Participant: 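Below you'll find the structure I mean.
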Amino acid sequence: MPRLRSILSVPGHSAKMQTKALQSTADLVMLDLEDSVALAEKEAARRQIIHTLQDLPEHHPRLALRCNGLETAWFYRDVIEILEAAVDRVSVLVIPKVENAGDVACFSRLLDGIERHTKAQQTIRLHACIESPTGLVQSEAIAATSSRLEALVFGIADYSRAIGSPLVSLSGHGENEESVYSGHRWHYVLSRLVAAAKSVGLQAIDAPYGNFRDITGLEQSATKARALGCDGKWAIHPEQLDVIQQVFSPTTTEIELAQRVLEAAQVAEKQGLGAVAVDGRMIDQATVQLARRVLDKE
Ligand code: COA
Ligand code: MG
């Protein structure tokens with residue numbers, strides 16, 4: 001499964017931003033038809049996305065499409081019209097506002113049909129956005145629904161609205177959270193989403209940070225998400241990509257620690273020991289596995 005440290009959202013109506021996003025270093029570029037597109041522009045944005053996709057010189061392996069949600073009048077045409085026109089240009093379909101396993105199953109079956117009809121060369125993967133309490137309590141079932149799924153994504157602004165939590169910043173996307181809660185306001189939500197995702201081998205992706213001029217705030221938000229087990233974070237501006245990619249990659253200190261653990265483990269193995277002391281710290285087989293995982297992620 002490809003690593004998803006950074007996912008850059010780009011409004012579906014903006015040809016200029018799409019060109020820029022496609023040249024960026026994002027692990028995935030998401031052409032968005034949902035909340036970055038005005039209601040009156042939904043169909044124009046769909047046409048723009050088809051144009052962008054058909055204009056690509058070749059298959060772009062890092063392209064996602066976010067369609068509108070199942071509760072709208074647009075979602076089925078978003079998927080059918082765009083994928084019939086350019087099925088082999090899209091690697092991932094991002095589903096907003098997923099509430100239960102049936103929502104994912106619906107998109108999965110729709111994709112089965114489109115891929116058969118278009119004789120697609122690849123299987124489109126799915127990301128499910130968890131952005132309501134209903135979605136969160138169903139997240140374990142959602143994560144286990146379809147072999148197409150590769151990630152669960154936290155939708156912070158919609159989740160805040162759905163649970164009746166206050167708007168604490170202009171954007172409503174992750175800033176100024178400490179003003180209403182002294183701990184980490186999204187600790188439970190992210191931890192539950194991470195457990196649901198990881199229990200079936202999916203990646204867990206944090207919501208975007210709305211203040212795109214505040215790189216320090218972005219770094220803090222991403223660092224907390226990574227500590228809770230998230231693999232990556234959405235970006236809404238190209239200037240957020242470097243920090244996000246850096247935070248979701250192992251640091252030099254982590255790599256050095258992991259190497260020391262493996263060296264100590266080799267010595268221990270020769271001595272027939274499972275657990276050893278290094279500098280007054282215990283290293284056992286779980287530490288070794290953790291260290292291997294750090295180095296795998298390099
Ligand atoms: N993808 C690609 N390019 C982007 C971009 C994005 N998400 N956001 C900004 N840019 C480009 C701008 O077009 C501009 O390009 P230019 O230098 O060639 O003119 C450059 O980056 C600098 O942009 P800036 O002036 O700092 O911001 P802006 O006022 O143009 O855009 C937003 C600000 C918030 C409107 C814009 O970043 C945006 O639409 N982000 C995505 C929103 C979204 O997808 N929301 C839904 C998911 S939560
Ligand atoms: Mg949302």
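Because the structure is a prediction, the values reported are computed rather than measured. For ligands, and for the atoms within them, numbers begin at 1 and follow the listed sequence.
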Participant: Tell me whether L28 is reachable from L83 by hopping between hydrophobic residues (I, L, V, M, F, W, Y) whose side-chain heavy atoms are closer than 4.5 Å.
Facilitator: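 L83 does not cluster with L28.
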Participant: For ligand 1, list the protein residues that place a heavy atom within a distance below 4.0 Å of one of its atoms, sorted by chain and number.
Facilitator: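 Its neighbours under 4.0 Å (heavy atoms only) are L8, S9, V10, P11, K16, M17, K20, A21, D32, S36, R66, P208, F212, R213, I236, H237, P238, given by chain and number.
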Participant: Distances under 2.8 Å only: what protein N/O/S atoms are near the Mg ion (ligand 2), ordered by chain and residue?
Facilitator: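 Correct list: E131 OE1, D158 OD2.
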Participant: Between the main-chain N or O of D231 and the side-chain N or O of R226, is there a donor-acceptor pair closer than 3.5 Å?
Facilitator: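 Answer holds: no.
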Participant: Could you check whether any side-chain N or O of E81 sits under 3.5 Å from a backbone N or O of R46, counting only pairs where one atom can act as donor and the other as acceptor?
Facilitator: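 No; judged by distance alone, with no hydrogens or angles, the pair does not exist.
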Participant: Among residues at least two apart in sequence or on other chains, which ones pass side-chain contact (heavy atoms from CB on, under 4.5 Å) with T253?
Facilitator: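 Here the qualifying residues are T251.
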Participant: Taking the basic N atoms (NZ, or NE/NH1/NH2) and the acidic carboxylate oxygens, is any pair closer than 4.0 Å for K97 and D35?
Facilitator: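 Yes.
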Participant: Do the side chains of V98 and L70 join up, straight or via other hydrophobic residues, at under 4.5 Å, putting them in one cluster?
Facilitator: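 Yes; tracing contacts between hydrophobic side chains, which count when under 4.5 Å, links both residues.
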Participant: Salt bridge between R293 and D296, side-chain N to carboxylate O under 4.0 Å?
Facilitator: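 A salt bridge is absent here (no side-chain N lies under 4.0 Å from a carboxylate O).
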Participant: Can you sort out the partners of Q138 under side-chain contact (heavy atoms from CB on, under 4.5 Å), two or more places apart, ordered by chain and number?
Facilitator: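 For Q138 the side-chain contact (heavy atoms from CB on, under 4.5 Å) partners, ignoring immediate neighbours, are N100, A141, I142.
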Participant: Classify the ring geometry between Y159 and W186 as parallel (under 30°), tilted (30 to 60°) or perpendicular (over 60°).
Facilitator: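 Taking W186 first and then Y159, their aromatic rings stand perpendicular (interplane angle over 60°).
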